[in-house]
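Reading through the structure tokens given below for one structure.
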Amino acid sequence: MRWSKIFTPTLRETPAMAEAVSHKLLLRAGYIRQLTAGVYSYLPLAQRVLLKITAIIREEMNNIGGQEHLLPALNPAEIWQESGRWQVMGDNMFRLKDRKGAELCLAMTHEEIFTSIARDELRSYKQLPQIWYHIQTKFRDEARPKSGMLRVREFIMKDAYSFDLDLEGLDKAFEAHREAYCLIYKRCELEFSIVEASSGAMGGSKSSEFMVYSDAGEDWIASCADCKYAANTEKATSKIPSITDEAGLESPEKFPTPGVRTIEDLTTFPGGAAANRQIKTLVYMLDDKPALVLMRGDHQLNETKLTDSTQAINARPAHPAEIQNLLGALPGSLGAVGVKDIFIIADKALEGRTNMVTGANHNDHHLRGVSIARDINITKWADLRSVESGEGCPNCSGTLRVDKAIEVGHIFKLGTRYSESMKATVLNAEGKEVPIIMGCYGIGVGRILASAVELYNDADGISWPVSIAPFELVITPTNINDALQKETSTKLYEEFMAIGVDVILDDRDERPGVKFKDSDLIGIPYRITLGKKLKEGKVEFFTRRNKEVKDVSLENIVEVLREAIAKANIVKP
RNA sequence: CGGGGAGUGGCGUAGUCUGGUAACGCGCUUGGUUUGGGACCAAGAGACCGGUGGUUCGAAUCCACUCUCCCCGACCA
């Protein structure tokens with residue numbers, strides 16, 4: 001490719017809308033343009049990167065026996081109704097009607113479609129196992145797209161589905177994907193970690209996420225330095241010191257607390273209590289049914305844990321009016337003592353506690369001397385608490401830390417969640433009809449691209465890993481009007497192309513500074529510069545990542561470059 | 001959905017409070033001089049100021065409504 005021909009609209013200034021580093025750089029370097037919130041056009045540079053990422057994914061998926069399909073993005077409502085997810089997906093699904101009024105949606109994921117193919121076509125256990133995948137555009141009507149490519153409404157995803165006769169087969173498929181994913185991320189040079197995660201609306205038992213630690217991420221990961229424990233905070237548990245209470249009063253005692261609205265207020269109020277001696281009472285609507293959620297005063301509720309433990313599809317905090325109606329008081333004075341006929345779920349950290357303080361369901365009044373078991377009619381106990389940095393590792397004596405991360409992949413053991421609801425069965429060796437055991441395995445292709453930029457950038461721009469860079473090498477004659485430079489650079493360019501190096505020749509009639517700035521911004525890993533020393537048969541070899549420059553003779557330059565990129569495990573798209 | 005911010009040539013902004021017919025930098029075009037880290041000089045092109053309605057002799061500026069985007073939160077296979 002000649003630079004004079006490629007469309008690379010680089011910008012000197014960053015568009016004001018961008019916040020995340022990857023978003024700014026991808027815009028500035030001419031990779032992407034935004035069409036509307038959460039929807040981007042991938043310009044030629046980005047497309048080159050995407051093709052390289054998907055080539056790596058394809059190779060590793062094919063290596064574990066994956067067979068590539070390409071499934072529709074436009075789906076009829078019926079198939080989603082069959083699995084029950086037409087409702088479950090709620091507002092996150094883009095829905096539309098065709099001219100006949102039939103309901104359709106834009107697929108968010110493809111369990112239903114792949115399962116329907118399996119149901120229609122797989123008859124016998126002899127046809128198992130299967131691993132099917134595709135790389136497709138998916139749609140999600142995110143409430144708030146953000147951070148450039150990291151949270152979008154239209155995105156490219158590789159998703160794979162495994163079909164097995166039994167759980168052993170599923171375990172094997174799951175493990176095969178785990179290993180393939182590790183190879184994929186390694187080859188993209190992403191530093192990642194595998195964490196336990198919630199399965200959420202996907203259903204199924206076990207799920208693992210592949211996370212890239214980055215402040216641009218949206219997930220919080222709890223991890224232990226002393227052992228291998230790592231989990232998304234929506235799933236993570238921790239050890240915390242137990243608290244010994246005094247027996248306290250015979251029965252709860254109501255006392256006035258004018259102006260007290262928060263846990264914090266009550267800790268300083270005369271006759272109040274430390275946060276860890278308070279019961280925080282939250283009111284949630286779980287699928288439009290009210291529930292009281294009880295937490296220790298100093299603990300934070302994790303809503304994913306709440307929905308996971310109650311099987312609720314939608315959970316939202318109740319509105320003040322709903323709360324007033326339900327409990328007769330407003331937030332700040334709420335409690336569960338004496339409450340009947342309402343679902344009450346309590347965090348395990350409250351188990352066995354006595355002599356606590358909580359709201360009295362009477363504005364500006366609280367109760368002291370509350371003993372959970374004696375005074376509150378708990379419907380269900382569950383782990384609802386978000387773990388915090390500094391708490392104890394659940395697996396060893398280490399300490400947990402909590403960091404932000406970008407989710408770049410997620411693998412699930414689905415089991416029979418879809419095969420049962422959609423009746424995808426095969427006959428086993430005994431001639432008995434059994435549901436197919438499924439797994440599903442996703443990779444966010446655009447997120448790999450964005451994560452790589454988040455990980456590899458500096459003041460001058462992007463510094464791509466060689467394996468996914470839009471070009472591996474740029475040849476830069478500092479003055480294209482110099483006959484020797486022009487001739488030599490063209491010769492080198494053709495030579496590198498002939499041996500399969502992905503090279504771009506910067507044949508523009510621009511000042512050297514412009515060329516250097518552009519190639520640094522775009523992030524091409526290696527540059528060969530032809531300048532004054534060319535007359536002595538020397539060119540400059542520049543490494544983008546560490547800015548190292550060395551003079552190399554013309555005879556050796558091909559070999560030097562070849563060695564440099566040999567280390568990257570490159571697949572040609 | 002709650003809170004905050006912003007829409008002015010391609011990009012970044014000023015102008016809005018205090019109404020008088022749009023300015024600056026970058027980029028772009030042409031000519032010339034330059035050529036190792038985003039050159040310089042000169043001459044140009046390019047904006048009905050997000051939209052609709054209103055107030056006014058006159059609106060980018062004031063008022064009402066509305067659309068869109070960004071950020072925080074909520075939400076998020």
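Residue numbers start from 1 in every chain, and the chains themselves are labelled A, B, ... in the order their sequence lines are given, proteins ahead of strands.
- Residues that satisfy the side-chain hydrogen bond (donor to acceptor under 3.5 Å, both in side chains) test with A/Ser519, not counting sequence neighbours, are absent from this structure.
- Of the C1' atoms belonging to B/A22 and B/G9, the separation is 11 Å, rounded to the nearest Å.
- Across all strands shown, B/C11 is found opposite B/G25 as a Watson-Crick or G-U wobble partner, with both distances under 3.5 Å.
- A centroid separation of 6.0 Å or more is found between the aromatic rings of A/Tyr133 and A/Tyr161.
- Separating the CE atom in A/Met285 from the CG atom in A/Leu326 is a distance of 7.5 Å, to the nearest 0.5 Å.
- With sequence neighbours excluded, the residues satisfying side-chain contact (heavy atoms from CB on, under 4.5 Å) with A/Gln485 are A/Pro477, A/Thr478, A/Asn479, A/Asp482, A/Leu530, A/Leu534.
- Across the C1' atoms, B/G12 and B/C70 are found 15 Å apart, a figure rounded to whole Å.
- When the nucleotides B/C76, B/G38, B/U35 are ranked by their closest atom to the side chain of A/Pro512, B/U35 comes out on top.
- As rounded to whole Å, 11 Å separates atom P of B/C71 from atom NZ of A/Lys24.
- Nucleotides B/G50 and B/A14 place their P atoms 14 Å apart, quoted to the nearest Å.
- Contact check on A/Asp215 versus A/Lys404 returns no salt bridge, with no Lys/Arg side-chain nitrogen under 4.0 Å from an Asp/Glu carboxylate oxygen.
- Of the P atoms belonging to B/C49 and B/G10, the separation is 13 Å, rounded to the nearest Å.
- Sparse packing is recorded around CD of A/Glu264, with 12 or fewer heavy atoms of other residues, nucleotides or ligands lying under 6.0 Å away.
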For nucleotides 43-47 of chain B, which of its nitrogen or oxygen atoms have a protein nitrogen or oxygen under 3.5 Å away, and what is each distance?
none

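- With B/C71, B/G36, B/G38 as the candidates, the nucleotide lying closest to the side chain of A/Phe516 is B/G36.
- Contact annotation for A/Asp518: base contact, defined as any heavy-atom pair under 4.0 Å involving a base atom.
- Remark: A/Ala382 engages A/Ser309, A/Ile345, A/Leu384 in a side-chain contact (heavy atoms from CB on, under 4.5 Å) (not counting sequence neighbours).
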Could you list, one pair per line, each protein nitrogen or oxygen that sits under 3.5 Å from a nitrogen or oxygen of nucleotides 7-14 of chain B, together with the distance?
unit_1	atom_1	unit_2	atom_2	d
B/G12	OP1	A/Ala16	N	2.7

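- A salt bridge between A/Arg316 and A/Glu322 is present, with a side-chain N of the basic residue lying under 4.0 Å from a carboxylate O of the acidic one.
- RNA chain B is contacted by both A/Lys533 and A/Tyr40; A/Lys533 maps to the nucleotide lying nearer its 5′ end (nearest heavy atom per residue).
- At a threshold of 4.0 Å, the pair A/Glu112-A/Arg85 counts as salt-bridged, since one of the basic side-chain nitrogens sits closer than that to a carboxylate oxygen.
- No N or O donor and acceptor, one from the side chain of A/Asp460 and one from the base of B/G37, sit under 3.5 Å apart.
- Across the strands present, B/G46 finds no partner; the criterion is a Watson-Crick or G-U wobble pair with both atom distances under 3.5 angstrom.
- The distance from atom CG of A/Leu27 to atom P of B/C70 is 11 Å, rounded to the nearest whole Å.
- For A/Thr416, the side-chain contact (heavy atoms from CB on, under 4.5 Å) partners are A/Ser419, A/Glu420, A/Pro435, A/Ile437, not counting sequence neighbours.
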Would you list the atom pairs, donor with acceptor, under 3.5 Å between side chains in residues 23-33 of chain A and any protein atom, with sequence neighbours excluded?
unit_1	atom_1	unit_2	atom_2	d
A/His23	NE2	A/Tyr40	OH	3.1
A/Arg28	NE	A/Leu11	O	3.0
A/Tyr31	OH	A/Trp464	NE1	2.7
A/Tyr31	OH	A/Ile522	O	2.6
A/Arg33	NH1	A/Leu27	O	2.8
A/Arg33	NH2	A/Pro9	O	2.8

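- Remark: A/Asp506 pairs with A/Arg508 by the side-chain hydrogen bond (donor to acceptor under 3.5 Å, both in side chains) rule, at least two apart or across chains.
- Out of B/C76, B/C71, B/G36, the shortest distance to the side chain of A/Lys146 is found at B/C71.
- Straight-line distance between the C1' atoms of B/U8 and B/C76: roughly 36 Å, to the nearest whole Å.
- Taking atom CG of A/Asn302 as the reference point, atom C1' of B/C76 lies 13 Å away to the nearest angstrom.
- Nucleic acid contact class of A/Ala143 (heavy atoms, under 4.0 Å, all strands): base.
- Rounded to the nearest Å, the gap between the P atom of B/U61 and that of B/G20 is 10 Å.
- Residue A/Arg33 is classed as having no contact, given no heavy-atom separation below 4.0 Å to the nucleic acid.
- Contact annotation for A/Thr476: no contact, since no heavy-atom pair falls under 4.0 Å across all strands.
- At a cut-off of 3.5 angstrom, counting only N and O atoms as typed in the model, there is no donor on one side facing an acceptor on the other between the side-chain of A/Arg316 and the base of B/C1.
- Among B/G38, B/G36, B/C69, the nucleotide with an atom closest to any side-chain atom of A/Ala37 is B/C69.
- The residue among A/His410 and A/Phe542 whose nearest nucleotide of RNA chain B lies closer to the 5′ end is A/Phe542.
- In this structure, the ring of A/His410 has its center no less than 6.0 angstrom from the ring center of A/Tyr441.
- In this structure, B/A6 forms a base pair with B/U68, meeting either the Watson-Crick or the G-U wobble geometry with both donor-acceptor distances under 3.5 Å.
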Using atom names, set out every protein N or O paired with an N or O of nucleotides 28-34 of chain B below 3.5 Å, distance rounded to 0.1 Å.
unit_1	atom_1	unit_2	atom_2	d
B/U34	O2	A/Arg511	NH1	2.9

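- Base pairing of B/A60 is not made with any nucleotide, judged by Watson-Crick or G-U wobble geometry with both donor-acceptor distances under 3.5 Å.
- With sequence neighbours left out, the side-chain contact (heavy atoms from CB on, under 4.5 Å) criterion links A/Ala77 to A/Gln81, A/Trp86, A/Glu103.
- Counting atom types as modelled, A/Asn479 pairs no side-chain N or O with a base atom of B/G36 as donor and acceptor under 3.5 Å.
- Among the protein residues, A/Glu218 comes within range of no part of the nucleic acid, since none of its heavy atoms lies under 4.0 Å from any strand.
- The partner of B/G31 is B/C41, judged by Watson-Crick or G-U wobble contacts that both fall below 3.5 Å.
- Of all nucleotides present, none satisfies the Watson-Crick or G-U wobble test against B/U16 with each distance under 3.5 Å.
- Exactly one residue among A/Lys515, A/Arg545, A/Arg527 makes a salt bridge (charged side-chain N to carboxylate O under 4.0 Å, His left out) with A/Asp520. That residue is A/Arg527.
- Using a 4.0 Å heavy-atom distance criterion, A/Thr36 is classed as a sugar-phosphate-only contact.
- Interatomic distance, A/Ser162 OG to A/Gln130 CD, rounded to the nearest 0.5 Å: 10.5 Å.
- The partner of B/C1, taking Watson-Crick or G-U wobble pairs whose two distances both stay under 3.5 Å, is B/G73.
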I'd like a table of atom pairs between the protein and nucleotides 2-4 of chain B - only N or O on both sides, under 3.5 Å - with the distance next to each one.
none

List the atom pairs, with distances to 0.1 Å, where a side-chain N or O of residues 547-554 of chain A and a protein N or O form a donor-acceptor pair under 3.5 Å, not counting sequence neighbours.
unit_1	atom_1	unit_2	atom_2	d
A/Lys547	NZ	A/Asp458	OD2	3.4
A/Lys547	NZ	A/Asp460	OD2	2.9
A/Asp551	OD1	A/Lys533	NZ	3.3
A/Asp551	OD2	A/Lys533	NZ	3.0
A/Ser553	OG	A/Asn556	N	3.4
A/Ser553	OG	A/Asn556	ND2	3.2

